[in-house]
Amino acid sequence: MTTAPERTADLYPTRGRTEVATPRQDSVVWSPPGTPGPFGPGELAAFERDGFAAVDGLLSAEEVLTYRAELDRLIADPAVRGDERSIVEPASGEIRSVFEVHRLSEVFAGLVRDPRVVGRARQILGSDVYVHQSRINVKPGFGASGFYWHSDFETWHAEDGLPRMRTVSVSIALTDNLDTNGGLMIMPGSHLTFLGCAGATPKDNYKRSLQMQEAGTPSDEALTGFADRHGIRLFTGRAGSATWFDCNCMHGSGDNITPYPRSNVFIVFNSVENAAVEPFAAPVRRPEFIGARDFTPVR
Ligand code: 6CS
Ligand code: FE
């Protein structure tokens, strides 16, 4: 007798009729205290409390030049521009994001394997890790649009089928992240509450959501409550600096109307113990270049 595949319990309901908050039911830092790695004990404690950790000067000036040149090469390549993994800005048509850069580029594949990068991910997630998603957000000057408030985990749970909050992102600045050119904003401590959003996921949602997210967007009331409780922290830093942030942080970034691009590379590490299953609140899976289905650990 064949039995239906066991349905993974949905601990974080979202995209139903109404918005619903659920307290986090997962660890934030999964490795035991004192686990050796690039983060010191104080940094891990701060990550546990805030949901993020900033690392100045992760990359040297020379390394920044290498990765910046690779970013410029990718966005100038017509083949990359014509690839479905490239998302353009709605207004200007300039490249907004390029997904799966760790497969498109051996240079960015090397960044993923860098012990300063993957070592921190393993330390936070307490296990081997694989890349759930990688992207460069170019955010060129003169009007590039931002990313409205959201929790990444809300999307990765609803649409990519990540069961638990055992996923961490690192945003590495490839240009100076100023207080004026659309830097990353995070609400400190917001990672401890899951906000299930109202409204079902439309079919092929990703074709619009990567330009402007609708499904999975918190209400003004919920955002006001979060901001009043947690405050808002703007992350600035020279090119080469990095921000590690938990998958469930409420975050966003504004438009960039300055002449100075805010180009960052984002790598999303997921624990191999938290491999994607079926979407929890979407009719179909998203393409693998957005939500990986290759769970091979980073070596
Ligand atoms: O849907 C996603 O996976 C992407 N969307 C946003 C706004 N942030 C995370 C990720 O790049
Ligand atoms: Fe995001």
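Just so you know, ligand 1 is whichever comes first in the structure, and atom 1 is the first atom listed for that ligand.
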Which bit of [X] gets closer than 4.0 Å to ligand 1, counting heavy atoms only: side chain, backbone, both or neither?
{"X": "F266", "result": "neither"}
{"X": "V268", "result": "neither"}
{"X": "M212", "result": "neither"}
{"X": "H150", "result": "side chain"}

For [X], atoms of ligand 1 separated by under 4.0 Å from a heavy atom:
{"X": "T155", "answer": "1 (O)"}
{"X": "R286", "answer": "1 (O), 2 (C), 3 (O)"}
{"X": "D152", "answer": "6 (C), 8 (N), 9 (C)"}

- Can you check whether L178's main-chain N or O pairs, donor with acceptor, with N181's side chain at less than 3.5 Å?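 Judged by distance alone, yes, a pair lies under 3.5 Å.
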
- Item | D152: its N/O/S atom lying closest to the Fe ion (ligand 2) (atom name) |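 It is OD1 of D152.
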
- N, O or S atom within H251 nearest to the Fe ion (ligand 2), by name: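 H251's closest N, O or S atom to the Fe ion (ligand 2) is named NE2.
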
- Item | Joint hydrophobic cluster, V98 plus V112, side-chain heavy atoms closer than 4.5 Å |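 Hydrophobic grouping puts V98 with V112.
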
- Message: Can you see whether F99 has R85 sitting over its ring - NZ or CZ less than 6.0 Å from the centre and within 45° of the normal?
- Response: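 No cation-pi geometry.
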
- Message: Does the structure place the NZ or CZ of R96 under 6.0 Å from the centre of the six-membered ring of F147, at an angle of no more than 45° from the ring's axis?
- Response: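 That pair qualifies as a cation-pi contact.
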
- Message: For the aromatic rings, using the six-membered ring if either is Trp, is the centroid distance between F235 and F245 under 6.0 Å?
- Response: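 Ring centres of F245 and F235 not closer than 6.0 Å.
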
- Query: Can you tell me how far NE2 of H251 sits from OG of S171, rounded to the nearest 0.5 angstrom?
  - Reply: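 Answer rounded to 0.5 Å: 9.0 Å.
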
- Query: Can you tell me how far the NE2 atom of H157 sits from the CG atom of N248, to the nearest 0.5 Å?
  - Reply: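 Interatomic distance, H157 NE2 to N248 CG, rounded to 0.5 Å: 10.5 Å.
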
Are any of the N/O atoms on [X], whether in the backbone or the side chain, positioned under 3.5 angstrom from an N/O atom of ligand 1?
{"X": "S209", "answer": "no"}
{"X": "W156", "answer": "yes"}
{"X": "Q133", "answer": "yes"}

- Among S97, S263, S253, find the one that has a side chain to side chain donor-acceptor pair (under 3.5 Å) with N137.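 Going through the options one by one, the only one that passes is S97.
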
- Message: For L210, state whether at least one heavy atom is located under 4.0 Å from any atom of ligand 1.
- Response: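 Checking ligand 1 against L210, which is what was asked, there is a heavy-atom contact under 4.0 Å.
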
- Item | OH/Y260: more than 12 non-hydrogen atoms of other groups inside 6.0 Å |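 Result for OH/Y260: open.
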
